[in-house]
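Along the sequence shown, residues carry numbers from 1.
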Amino acid sequence: MKRIIYLLPLALFFVLVGYFLISLRPGHDTHELPSAMLEKPAPSFELADLGDDNRLALTGLKGHPVIVNFFASWCVPCRIEHPLLMRLSQQDHLPLYGIAYKDKPDDAARLLATYGNPFRQVGLDQDGRVGLDFGVYGVPETYVIDANGIIRKRFVGPLTAEAVERDLMPLLKQLEPSS
């Protein structure tokens, strides 16, 4: 029994070494959180639209690749990412849709009125159910969904210009239907 007690620190040391070897391997992004939803169908949803009587639904987004951004007016990183979203919608004309996550409609509308609205449509996920179905860890989170409704990429935290150039734009180009 005493031997086991003496070997326990050694075993713990080897477990930690193994963890660091896996985590720090070349090409591993330590900021990327794993998602069980990647390469799987996006959860079906239908949400009230911010500002009118329409509904934002997954079925209406199929047929072409889209970007779905979960945001909230109370989220500081969302405000940091907002100018980049504005540029992407205006200059690059990306199919960008927003989901106001656990936010009050008036607050979300005020945010978009103040900073501009980069979204083609905004759905209201006041109870967070759609975010939960997507596996949202915290806002902002951005998902790339292909024409068949399959989640192809997840960006956790505010989008950066580097991530857009390195990951987002090449993926969207790849997902575009061949003419």
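Taking the ring pair (Phe, Tyr, Trp, His ring centres under 6.0 Å) definition, one finds that Phe119 meets it with Phe71, sequence neighbours left out. Take Asp133 and apply the salt bridge (charged side-chain N to carboxylate O under 4.0 Å, His left out) test, not counting sequence neighbours, and it matches no residue. Listed by chain and residue number, Arg129 satisfy the side chain to side chain contact (heavy atoms under 4.5 Å, CB included) test with Leu132 (two or more places apart in sequence, or in another chain). With sequence neighbours excluded, the residues that form a side chain to side chain contact (heavy atoms under 4.5 Å, CB included) with Ala109 are Leu50. When the salt bridge (charged side-chain N to carboxylate O under 4.0 Å, His left out) test is applied to Glu162, the partners found at least two apart in sequence or on another chain are Arg166.
Between atom CG of residue Asp167 and atom CG of residue Leu172 there is a gap of 11.0 Å, rounded to the nearest 0.5 Å. Note that CZ of Arg154 and CG of Leu38 are 7.5 Å apart. Values are rounded to the nearest 0.5 Å. Residue Asp146 holds its CG atom at 14.5 Å from NZ of Lys153, rounded to the nearest 0.5 Å.
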Could you list the donor-acceptor pairs under 3.5 angstrom formed by side chains in residues 82-90, with sequence neighbours left out?
{"unit_1": "His82", "atom_1": "NE2", "unit_2": "Gly116", "atom_2": "O", "d": "2.7"}
{"unit_1": "Arg87", "atom_1": "NH1", "unit_2": "Asp92", "atom_2": "OD2", "d": "3.2"}
{"unit_1": "Ser89", "atom_1": "OG", "unit_2": "Leu85", "atom_2": "O", "d": "3.4"}
{"unit_1": "Ser89", "atom_1": "OG", "unit_2": "Met86", "atom_2": "O", "d": "3.0"}

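Applying the side-chain hydrogen bond (donor to acceptor under 3.5 Å, both in side chains) test to every pair with at least one member in residues 93-106, sequence neighbours left out, gives these pairs: Ser73-Asp103. Legend: salt bridge (Lys or Arg N to Asp or Glu O under 4.0 Å) pairs involving residues 55-67, not counting sequence neighbours, sorted by first then second residue: Glu46-Arg55. Screening residues 150-174 for ring-ring contact (aromatic ring centres under 6.0 Å, His included), with sequence neighbours left out, gives no hits. Residue pairs meeting the side-chain hydrogen bond (donor to acceptor under 3.5 Å, both in side chains) criterion with at least one member in residues 111-120, sequence neighbours excluded, are Arg79-Tyr115.
Contact annotation: the side chain of Leu94 approaches that of Leu168 to within less than 4.5 Å [non-hydrogen atoms, C-beta and beyond]. Using a 4.5 Å heavy-atom cutoff, the side chains of Arg152 and Leu175 are in contact. When side chains are defined from C-beta on, Val122 does not count as touching Leu56, because their heavy atoms never get closer than 4.5 Å. Residues Ile67 and Ile145 have side chains not in contact (no heavy-atom distance under 4.5 Å, counting atoms from C-beta outward).
Transitive grouping of hydrophobic side chains (ILVMFWY, heavy atoms separated by less than 4.5 Å) brings Tyr143 and Leu47 into a common cluster. Leu96 and Phe45 are members of different hydrophobic clusters when ILVMFWY side chains are connected at heavy-atom separations under 4.5 Å. Hydrophobic clustering (ILVMFWY, side-chain heavy atoms < 4.5 Å, transitive): Leu111 and Val139 are in distinct clusters.
Members clustered with Ile80: Val76, by chain and number, using a 4.5 Å side-chain heavy-atom cutoff among hydrophobic residues. Leu8 belongs to no multi-residue hydrophobic cluster, having no ILVMFWY side-chain contact under 4.5 Å with any other such residue.
A donor-acceptor pair is defined here as one N or O able to donate and one able to accept, closer than 3.5 Å; no such pair exists between the side chain of Asp49 and the backbone of Gly123.
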I would like to know whether Ile99 and Val130 meet side-chain contact (heavy atoms from CB on, under 4.5 Å); could you show each step before the answer?
CA-CA 9 Å; Ile99 296 181; Val130 173; 4.2 Å; yes
Under the side-chain contact (heavy atoms from CB on, under 4.5 Å) criterion, do Glu39 and Ile151 qualify, and how do the steps go?
CA-CA 5 Å; Glu39 302 302 328; Ile151 296 175; over 6 Å; no
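With 3.5 Å as the limit, one finds a donor-acceptor pair spanning the side chains of Glu81 and Asn69.
What you find for Pro43 and Leu58 is that their closest heavy atoms are O-CD2, 3.5 Å. The two residues Pro95 and His64 have their closest heavy-atom pair at CB-CD2, 4.5 Å.
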